[in-house]
Amino acid sequence: MSFTIEIRLFARFREVLGRETIQLTLPSPERVDEIRKHLQSKYPELTILIDRSAIAINGEYAQNDQMIHEKDEVALIPPVSGGSTSAV
Amino acid sequence: MIRLIHEPIDYGALTEYVRLPNCGAVVTFLGTVRDLTGDQVTVALDYEAYPPMAEKKIAEIIEDARSKWPIGKIGVVHRLGHLSVGEISVGVAVSSPHRAEAFEACRYIMDRFKELVPIWKKENWADGKTEWVHPGSETTRSS
């Protein structure tokens with residue numbers, strides 16, 4: 001039973017893709033790492049950043065083998081600003 | 001207390017918030033927008049957050065700190081939006097009976113904040129270029 005998920009975008013993703021969310025239609029619940037591959041094939045110019053980003057499901061960092069279901073709130077979380085390169 | 005705001009941070013109020021009679025030590029950390037990163041000159045930073053997850057992660061970090069040290073109160077405030085050099089982007093205030101724990105807890109909270117909380121900044125460089133900061137995914141910059 002196929003369904004569409006909405007993935008929330010932030011920071012460089014939001015800037016490059018020019019939108020706050022993108023949609024992915026899935027044939028059935030899929031693993032986080034499969035979602036990552038879908039995104040990389042859809043947006044090859046963002047392959048590396050997608051690789052380095054976390055995926056959050058309902059506000060929690062998700063493991064690669066976690067499943068994404070219909071109605072999950074999914075977000076693409078690019079690396080957060082930490083360490084000596086940052087302003088603080 | 002956890003706040004994500006779009007106005008200047010009232011660090012006096014933040015400090016007052018954590019004071020308690022049994023806490024002889026109050027430590028308030030302020031992060032501000034710095035002008036130089038290496039040889040690049042910053043004129044401003046833009047901060048963006050995923051607010052519900054950011055607040056959740058900050059709450060988890062606070063509970064984590066409480067499990068490690070005797071803490072009275074904690075206040076964490078992060079400002080979002082466009083901030084010029086010198087403006088305060090984040091405040092963390094911690095009270096504890098004694099100063100060693102107050103310093104350690106405050107530092108710990110700030111260190112974990114930068115690892116876990118979904119808040120991002122975009123550098124506005126003096127040459128007019130802008131760049132979202134994502135460690136490990138730096139874009140090449142021509143100078």
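For the numbers below, each heavy atom of this structure counts, side chains included, while hydrogens, waters and symmetry mates do not. Order of the sequence lines sets the chain letters (A, B, ...), proteins ahead of strands, with each chain counted from 1.
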Heavy-atom check, side chain of [X] versus side chain of [Y], under 4.5 Å:
X        : Y        : value
B/His134 : A/Val80  : no
A/Glu60  : B/Lys57  : yes
B/Met53  : A/Ile77  : yes
A/Glu15  : B/Lys122 : yes
B/Trp132 : A/Val16  : no

At a heavy-atom separation under 4.5 Å, does A/Asp51 approach chain B through its side chain, its backbone, both, or neither?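 Neither part, no heavy atoms under 4.5 Å.
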
Heavy-atom neighbours of [X] [atom1] exceed 12 at 6.0 Å:
X        : atom1 : result
A/Tyr43  : OH    : yes
A/Gln63  : CD    : no
B/His82  : NE2   : yes
B/Arg99  : CZ    : no
B/Ile5   : CD1   : yes
A/Arg31  : CZ    : yes
B/Tyr108 : OH    : yes

If I compare all heavy atoms of [X] with all of [Y], which pair ends up nearest, and what's the gap?
X       : Y        : value
A/Phe10 : B/Ala49  : CE2-O, 3.7 Å
A/Arg12 : B/Ser137 : NH1-O, 2.7 Å
A/Pro79 : B/Trp120 : O-CD1, 3.4 Å

At a 4.5 Å cut-off on heavy atoms, which part of B/Ala54 comes close to chain A: side chain, backbone, both, or neither?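 Nothing of B/Ala54, per the 4.5 Å heavy-atom cut-off to chain A.
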
For B/Val117, is it the side chain, the backbone, both or neither that has a heavy atom under 4.5 Å from a heavy atom of chain A?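 For B/Val117, the contact with chain A is made by the backbone alone.
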
I'd like to know which of A/Ala56, A/Gly59, A/Ala75 tops the heavy-atom pair count under 4.5 Å against chain B.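 Max contact count across the listed options: A/Gly59.
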
If Ile, Leu, Val, Met, Phe, Trp and Tyr residues are connected whenever their side-chain heavy atoms lie under 4.5 Å apart, and connections chain through other members, are B/Met110 and B/Leu45 in the same group?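 B/Met110 and B/Leu45: one cluster.
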
Give a yes or no on whether A/Leu24 and A/Met67 share a hydrophobic cluster (residues Ile, Leu, Val, Met, Phe, Trp, Tyr; joining criterion: side-chain heavy atoms under 4.5 Å apart).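 Per the 4.5 Å side-chain linkage, A/Leu24 and A/Met67 are not co-clustered.
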
Who wins among B/Leu116, B/Thr42, B/Asp46 for the most heavy-atom pairs under 4.5 Å with chain A?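 Option with the top pair count is B/Leu116.
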
